[in-house]
Amino acid sequence: MTRQVEIGCWTVFVLTDCAPNPAPCSYAFPDADLSTHPDAASRWLSENLFRTRFGVCLLRGPAGDMLVDCGVGPGPTAYFPGLTGRLIDSLAAAGSAPERVADVVFTHLHVDHVGWSGAFPQARFHVAEAEWTHWSVAGVQAGLPHHVAAFERCIAPLAASGRLHVFGDDAGGLPDGVRPLPAPGHTPGHHAVLVQGRLLIAGDLWHNPAQIEVPRWCHRADQDKPRAIASRTAFAAQAEREGWLVAAGHFTEDVSLGRIEAGRFVPLSPSGASP
């Protein structure tokens with residue numbers, strides 16, 4: 001299912017690369033006591049299962065197509081055995097193709113966000129300086145082995161070829177209307193992306209809508225849990241205050257777009273009103 005919204009000069013398509021099998025909540029959120037918030041748990045983590053997807057946002061604008069993140073890739077991927085990405089087919093369904101993609105913005109450099117980076121021959125790639133520094137300097141200590149391997153396989157060649165743009169605090173060099181916002185915690189240089197001041201592409205701020213209600217429920221992949229909690233809390237409050245539409249790449253397709261109201265995530269219906 002392809003979700004589509006108009007945001008200023010951009011047409012935004014919410015795409016899916018692939019979706020893994022549901023995982024037990026005890027694995028995905030190992031420190032979360034779901035009994036403390038039974039309503040949120042029953043609403044979003046039914047049967048004590050974490051259901052997710054690996055999502056990508058395609059933005060079509062006057063200067064060409066842009067992606068925010070690029071999925072887990074075609075496979076095989078050792079960490080996700082048997083999982084095959086379908087991003088190229090998803091792009092085709094949205095009227096795009098790899099050679100049409102002019103820019104790719106990474107929210108961070110985990111394996112499920114960089115996997116198709118070799119598929120876009122015309123693209124310039126963008127990543128925050130803090131994220132690039134972490135993965136390029138820390139080496140094997142930067143993260144779990146499958147993330148380190150993905151950096152070496154997908155990101156290091158882009159840097160070597162001069163196609164990786166590392167942006168600083170001023171976020172210069174990105175397309176107009178696209179503003180990366182620091183959201184550290186999940187990784188040191190994790191960023192969300194604000195489009196035209198109206199759509200927040202959340203990256204991995206939240207893996208599940210329940211975390212909007214209970215930000216202390218950390219996903220196992222959060223590298224700095226206190227900072228991740230602080231980022232989740234601050235962005236949820238700002239998104240509600242500003243009335244931003246939220247696109248979350250790990251929310252299931254049926255709730256991949258929505259708003260935050262009264263401290264809860266409210267999905268936009270597939271035929272919902274324009275943002």
Side-chain angles (χ1 to χ4, degrees), residues 2-15 17 54-71 87 90-91 94-110 112-114 116-117 119-120 122-132 155 158-159 163-184 186-187 189-206 231 234-235 238-239 241-251 256-260 268 274-275:
T2 299
R3 306 291 300 275
Q4 177 180 339
V5 292
E6 303 295 326
I7 305 290
C9 66
W10 298 94
T11 301
V12 181
F13 301 84
V14 179
L15 308 179
D17 186 26
F54 300 127
V56 174
C57 280
L58 165 67
L59 285 72
R60 178 164 299 141
D65 288 358
M66 182 182 84
L67 296 180
V68 177
D69 293 325
C70 59
L87 180 58
S90 295
L91 287 172
S96 188
E99 60 273 13
R100 289 182 51 127
V101 175
D103 293 278
V104 177
V105 178
F106 295 117
T107 61
H108 63 296
L109 299 180
H110 277 170
D112 51 318
H113 295 258
V114 304
W116 284 100
S117 57
F120 306 108
Q122 309 301 325
R124 189 181 189 208
F125 297 80
H126 308 266
V127 69
E129 183 176 12
E131 187 74 356
W132 164 253
I155 302 302
L158 297 177
R163 297 176 64 201
L164 186 69
H165 166 231
V166 178
F167 59 82
D169 293 341
D170 63 354
L174 272 73
D176 290 343
V178 175
R179 180 185 170 200
L181 301 174
H186 182 65
T187 63
H190 179 269
H191 277 59
V193 176
L194 187 65
V195 181
Q196 296 291 137
R198 294 165 56 192
L199 169 68
L200 182 73
I201 301 175
D204 283 12
L205 269 169
W206 306 286
S231 289
F235 271 91
Q238 188 171 7
R241 185 171 62 249
E242 302 289 344
W244 291 340
L245 190 65
V246 173
H250 286 299
F251 293 6
S256 56
L257 281 169
R259 287 190 172 84
I260 299 174
L268 190 72
S274 177

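Please read all numbers here as calculations on a predicted model, not as lab measurements.
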Quick check: do [X] and [Y] have side-chain heavy atoms less than 4.5 Å from each other?
| X | Y | value |
| --- | --- | --- |
| His113 | Thr107 | yes |
| Cys70 | Phe120 | yes |
| Val5 | Leu245 | yes |
| Phe125 | Val105 | no |
| Leu181 | Leu200 | yes |
| Leu109 | Thr187 | no |
| Ile155 | Phe106 | yes |
| Pro175 | Trp10 | yes |

Quick one: does any side-chain atom of [X] pair with a main-chain N or O of [Y] as donor and acceptor, under 3.5 Å?
| X | Y | result |
| --- | --- | --- |
| Trp244 | Gly197 | yes |
| Arg60 | Met66 | no |
| Asp17 | Phe54 | no |
| Ser90 | Leu15 | no |

Closest non-hydrogen atom pair between [X] and [Y], with its separation:
| X | Y | value |
| --- | --- | --- |
| Cys9 | Pro62 | O-CD, 3.8 Å |
| Ala102 | Ala63 | CB-O, 4.4 Å |
| Ser256 | Phe251 | CA-CB, 4.3 Å |
| Ala192 | Phe235 | CB-CE2, 4.2 Å |
| Ala183 | Ser231 | C-OG, 3.4 Å |

Query raised in the report: Is it true that the side chains of His250 and Asp204 contain a donor and an acceptor less than 3.5 Å apart?
Result: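 Yes - a donor-acceptor pair under 3.5 Å links their side chains.
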
Report task. Answer with yes or no whether the side chains of Gln4 and Thr11 bring together a donor and an acceptor at under 3.5 Å. Result -> no

Requested in this report: Sort out for me which residue in Leu199, Ile7, Ile201, Leu67 forms a side-chain contact (heavy atoms from CB on, under 4.5 Å) with Leu59.
Outcome: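 Of the listed options, the one satisfying the test is Ile201.
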
Query raised in the report: Testing Arg100, Glu99, Gln122 for side-chain contact (heavy atoms from CB on, under 4.5 Å) with Asp65, which one passes?
Result: Arg100

Requested in this report: May I ask you to check whether His126 and His191 place their ring centers less than 6.0 Å from one another?
Outcome: no

Query raised in the report: Considering residues, nucleotides and ligands other than Glu129, do more than 12 of their heavy atoms fall under 6.0 Å from its CD?
Result: no

So, taking the atom named [atom1] in [X] and the one named [atom2] in [Y], what distance separates them when rounded to the nearest 0.5 Å?
| X | Y | atom1 | atom2 | answer |
| --- | --- | --- | --- | --- |
| Trp132 | His165 | CH2 | NE2 | 13.0 Å |
| His108 | Leu205 | NE2 | CG | 10.0 Å |
| Trp206 | His186 | CH2 | NE2 | 13.5 Å |
| Asp69 | Ser117 | CG | OG | 11.0 Å |

Requested in this report: Please lay out, stage by stage, how Arg259 and Val246 fare under the test side chain to side chain contact (heavy atoms under 4.5 Å, CB included).
Outcome: CA-CA 6 Å; Arg259 287 190 172 84; Val246 173; over 6 Å; no

Requested in this report: For the pair Val56 and Val68, evaluate side chain to side chain contact (heavy atoms under 4.5 Å, CB included) and give the outcome as yes or no after the intermediate values.
Outcome: CA-CA 6 Å; Val56 174; Val68 177; over 6 Å; no

Query raised in the report: Are Asp103 and Arg124 ion-paired here, with the side-chain N under 4.0 Å from a carboxylate O?
Result: no

Query raised in the report: If you look only at pairs with a residue in residues 168-178, which of them pass as a salt bridge (charged side-chain N to carboxylate O under 4.0 Å, His left out), with sequence neighbours excluded?
Result: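 Salt bridge (charged side-chain N to carboxylate O under 4.0 Å, His left out) check on residues 168-178 returns no pairs.
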
